[in-house]
Undergrad: 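This is the structure I have questions about; it appears just below.
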Amino acid sequence: MANTLATELLGWVEAYTPTDIAQHYSMPLSKMIENSRNTLLRVLHYPPLTGEEEPGAIRAAAHEDINLLTILPAANEPGLQVKGSNGEWLDVPCDFGTLIINTGDMLQEASQGYFPSTTHRVINPTGGRRDKSRISLPLFLHPNPDVVLSERYTAREYLHERLKELGVI
């Protein structure tokens with residue numbers, strides 16, 4: 001079911017891509033993820049605060065996801081923020097049943113920057129929410145490694161370069 005939703009979402013993205021941008025896609029976006037073994041579902045647990053956190057500390061620093069799209073069911077607790085085009089941080093609602101869709105670096109690369117990667121972070125809770133855990137379940141849609149993203153990268157090359165930059169490999 002997640003793959004069906006992912007295919008549909010990527011189809012919508014492609015349908016709303018201007019022709020001069022879409023002509024650079026090496027294949028339909030929805031085909032890029034067919035049978036991909038790199039798509040990843042993560043379970044992220046943010047434990048309750050201990051009271052020993054530094055003032056202004058955040059749970060997850062500002063970042064962009066490496067993949068094409070991230071599908072994120074609303075977390076059980078607030079804290080997710082996205083950075084607007086004006087640089088302002090905006091709270092993302094965590095209403096049950098809501099799906100948040102982030103564009104990732106690979107879509108940004110494939111679209112020559114037309115679809116910018118979503119900068120986001122998770123802030124620490126305040127008040128009565130400080131003693132509650134936060135659970136997040138992002139599904140990172142990755143293309144097959146041999147998919148050509150641009151003249152510069154295949155998905156494999158792009159992922160390898162980014163993971164190297166992050167010190168993961």
Undergrad: Flag yes if more than 12 heavy atoms outside Glu151 fall under 6.0 Å of its CD atom; otherwise flag no.
TA: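 Atom CD in Glu151 is not packed in, count stays at 12 or less.
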Undergrad: Side-chain donor-acceptor pair under 3.5 Å between Thr70 and Asp65, yes or no?
TA: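 Yes, side-chain donor-acceptor contact under 3.5 Å.
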Undergrad: After noting the C-alpha distance and the side-chain angles of Ser133 and His45, does the key distance pass the side-chain hydrogen bond (donor to acceptor under 3.5 Å, both in side chains) rule?
TA: CA-CA 7 Å; Ser133 288; His45 174 246; 3.0 Å; yes
Undergrad: Using every non-hydrogen atom in the two residues, find where Leu137 and Leu41 come nearest and quote the distance to one decimal.
TA: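 Taking Leu137 first and Leu41 second, the nearest heavy atoms are O-CD1, 3.8 Å.
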Undergrad: Mind running side-chain hydrogen bond (donor to acceptor under 3.5 Å, both in side chains) on Tyr25 and Thr17 for me, showing each step along the way?
TA: CA-CA 10 Å; Tyr25 295 154; Thr17 303; 3.1 Å; yes
Undergrad: Heavy-atom count check: over 12 atoms from other residues, nucleotides or ligands less than 6.0 Å from Asn35 CG?
TA: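 Incorrect, the count does not exceed 12.
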Undergrad: Before accepting this row, confirm whether a basic side-chain N of the pair Glu77/Arg129 lies closer than 4.0 Å to the acidic partner's carboxylate O.
TA: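 Counted as a salt bridge, because a side-chain N and a carboxylate O are separated by less than 4.0 Å.
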Undergrad: Please round to the nearest 0.5 Å and tell me the distance separating atom NE2 of His142 and atom CG of Leu159.
TA: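 With rounding to 0.5 Å, NE2 (His142) is 6.0 Å from CG (Leu159).
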Undergrad: Considering all heavy atoms of both residues, which atom of Ala155 and which atom of Met106 are nearest to each other, and what is their separation?
TA: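 Distance-wise, the nearest heavy atoms are O-CE, 3.6 Å.
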Undergrad: Do Leu69 and Asn102 touch side chain to side chain, with heavy atoms closer than 4.5 Å?
TA: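 No. Closest side-chain heavy atoms not under 4.5 Å.
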Undergrad: Can you name the residues that form a side chain to side chain donor-acceptor pair (under 3.5 Å) with Ser117, not counting sequence neighbours?
TA: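 Counting only residues at least two positions away or on another chain, Ser117 forms a side chain to side chain donor-acceptor pair (under 3.5 Å) with Asp105.
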Undergrad: Which pair of non-hydrogen atoms, one from Met32 and one from Ser26, has the smallest distance, and what is that distance?
TA: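 Shortest heavy-atom separation between Met32 and Ser26 comes out as CE-OG, 4.1 Å.
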Undergrad: Answer yes or no: is there a donor N or O on one side and an acceptor on the other, between the side chain of Thr39 and the main chain of Ser36, under 3.5 Å?
TA: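 Side chain of Thr39 to backbone of Ser36: no pair is present.
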Undergrad: Does any N or O in the side chain of Asp91 come within less than 3.5 Å of the main-chain N or O of Gln81, such that one atom is a donor and the other an acceptor?
TA: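 Checking the backbone N and O of Gln81 against the side chain of Asp91, no donor-acceptor pair under 3.5 Å is found.
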Undergrad: Does some side-chain heavy atom of Lys83 sit less than 4.5 Å from a side-chain heavy atom of His120?
TA: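 Sidechains of Lys83 and His120: no contact.
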Undergrad: Between Lys164 and Glu161, is there a side-chain N and carboxylate O pair less than 4.0 Å apart?
TA: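 Salt bridge flag = no for Glu161 with Lys164.
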Undergrad: Between Arg152 and Glu157, is there a salt bridge with N-O shorter than 4.0 Å?
TA: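 A salt bridge is absent here (no side-chain N lies under 4.0 Å from a carboxylate O).
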Undergrad: Between Tyr114 and Pro116, which heavy-atom pair has the shortest distance, and what is it?
TA: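 Looking at all heavy atoms of both residues, the shortest contact is O-CD, 3.1 Å.
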Undergrad: Please table the atom pairs, donor to acceptor, closer than 3.5 Å between any side-chain atom in residues 46-57 and protein atoms at least two apart or in another chain.
TA:
residue : atom : partner : partner atom : Å
Thr50   : OG1  : Glu52   : N            : 3.1
Thr50   : OG1  : Glu53   : OE2          : 3.1
Glu53   : OE1  : Gly51   : N            : 2.9
Glu53   : OE2  : Thr50   : N            : 2.7

